[in-house]
There are 2 protein chains.
Amino acid sequence: MELTTAEENYLKAIYHLSEEGKKSVSTNDIAASIQTKPASVSDMLRKLGEKEVIQYRKYYGLQITELGKRLALQTIRKHRLWEVFLVDKLHFAWDEVHEVAEQLEHIQSTLLIERLDAYLNYPKFDPHGDPIPDEYGDVRSRPRIALNEMNIDQGGQIVAVKDSSAAFLRYLDKVGAYIGARIKVLDKVEFDGSVEILVDQKKTLFMSKDVASNILVLQS
Amino acid sequence: MELTTAEENYLKAIYHLSEEGKKSVSTNDIAASIQTKPASVSDMLRKLGEKEVIQYRKYYGLQITELGKRLALQTIRKHRLWEVFLVDKLHFAWDEVHEVAEQLEHIQSTLLIERLDAYLNYPKFDPHGDPIPDEYGDVRSRPRIALNEMNIDQGGQIVAVKDSSAAFLRYLDKVGAYIGARIKVLDKVEFDGSVEILVDQKKTLFMSKDVASNILVLQS
DNA sequence: CTTTATTTTTAGATTAATCTAATTTTAATT
DNA sequence: AATTAAAATTAGATTAATCTAAAAATAAAG
């Protein structure tokens, strides 16, 4: 079963959106995440359904299949290995790699990926701290820690929330502490447990212990 | 001016055919060299003409332009740099690289190629002994002679092959006639053009005219 | 210098991926 | 529950690359 480049990109996007805990993945979400129009997504969903990498019922929703997950993880594995190569070997900055890795991930050659993996010394995480699936799609994900339990100067990436109420999510959205944001703990106030963090190397943000304890961080 | 992957492949084929000394490049030649149908070639020639990478008059013939040459050399440069990477760093056998390099050459990123070039230590020749153009398309090529055209007792170094099919490369590998091998012509059989050579001052080797004519030697 | 053969090009389809505009379905709001 | 709003899908076009079959142009042979 082989997928075209476009199909791989859609499937990867669907996988990522599925993993982000959200209830179900909408056509609009996908369109937004890969900069295309909903009409194009509808069409592609039909095709991906036929190829059985997703289960799809129109107007109703979709669910990624085991096959789909495996293929998506293969693409993600390639993407992240190339990112390691670009940063470790070719000295790219971590914010310069994405676009190029986006192209490299579609090169088809299992031998190439095996050799690249070995050459890079079987890395387990990419330069952004995201785990690299092994050739079977298994991910050794790192334990996550509540933001309020991190120490000063520790950094990481927001990967999940404990409280997923609409109010909380709206709040996080407003202050820019979205899932995926890279953060660093700048300060902790002992007596009330509140914290000050740096978000995406730009914005500083204060939050109460109550809020911080509901944010899960993947440490890097 | 950017070319699609297909356009790059056509242009590369045209460049190579043009360089092979032949009078002019025919539609059929191109079709044969990239395994496609003449009808498709006609269509593409029109497009390449519009993009001014070739001068094209239908039924009459074509001529690659300076712009076309520059772009073709850029693609060839990328292809050969990737081949060096695959062989030197990922330990591919020299007959395994072509297919993968064929994909990698289309990755678009000047930064990537600059960095790769530096990482490989600015190689001047690829694993098949073919020269790698610099970023301006300049090629430092060495004068070479086909092995079957050398005289008895002449010596030299194998620097390239004309036929780079996997089958041929595997054969050469097996008999020990690798790129870089130092050879000396011991005997030539007049009536069938076959030759006997000494490889690395150790091993004698018989080869047909057909094989010898596909091996290029830098005379010493 | 005609006729035949070869080469090249056009005409018309097909596949993949995309778009805009229109329609249909589902969700939200009085 | 009826109406409005939002989301999703279909219809119909477009672009790129390809093909087969037919037509046109050039080259080769008698």
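In what follows, chains carry the letters A, B, and so on, assigned in the order in which the sequence lines appear, proteins first and then strands, with residues in each chain numbered from 1.
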Phosphate-side-chain proximity, A:Tyr56 and D:dT9, N/O vs OP1/OP2 below 4.0 Å: yes
May I ask you to say whether B:Lys12 pairs ionically with B:Glu102, meaning some side-chain N is under 4.0 Å from a carboxylate O? yes
Practice problem: Report yes or no: does A:Arg80 contribute a side-chain atom to a donor-acceptor pair with the main-chain N or O of A:Pro131 at less than 3.5 Å? | Solution: yes
Query raised in the report: Hey, is the side chain of A:Asn28 poking within less than 4.0 Å of OP1 or OP2 on D:dA6, counting only N and O atoms?
Result: no
**Asked** Distance check: side-chain N/O of A:Thr27 vs OP1/OP2 of D:dT9, anything under 4.0 Å?
**Response** yes
Mutual orientation of the aromatic rings belonging to A:Phe85 and A:Tyr119 [parallel < 30°, tilted 30-60°, perpendicular > 60°]:
tilted
In whole angstroms, the gap separating P of C:dT7 from CG of B:Asp29 amounts to 10 Å
Protein-proximity profile, nucleotides 14-27 of chain D, B/S/- by nucleotide at the 4.0 Å heavy-atom cutoff, equals --SSBBBB--BSS-
*Donor-acceptor contact present, side-chain B:Lys58 to main-chain B:Ser42, <3.5 Å*: no
| Does any donor atom in the side chain of B:Ser194 or B:Asp192 lie under 3.5 Å from an acceptor atom in the other side chain? | yes
Hey, is A:Arg46 close enough to A:Glu50 for a salt bridge, meaning N to O under 4.0 Å? yes
To the nearest angstrom, the CZ-C1' distance between A:Arg46 and D:dT9 comes to 11 Å
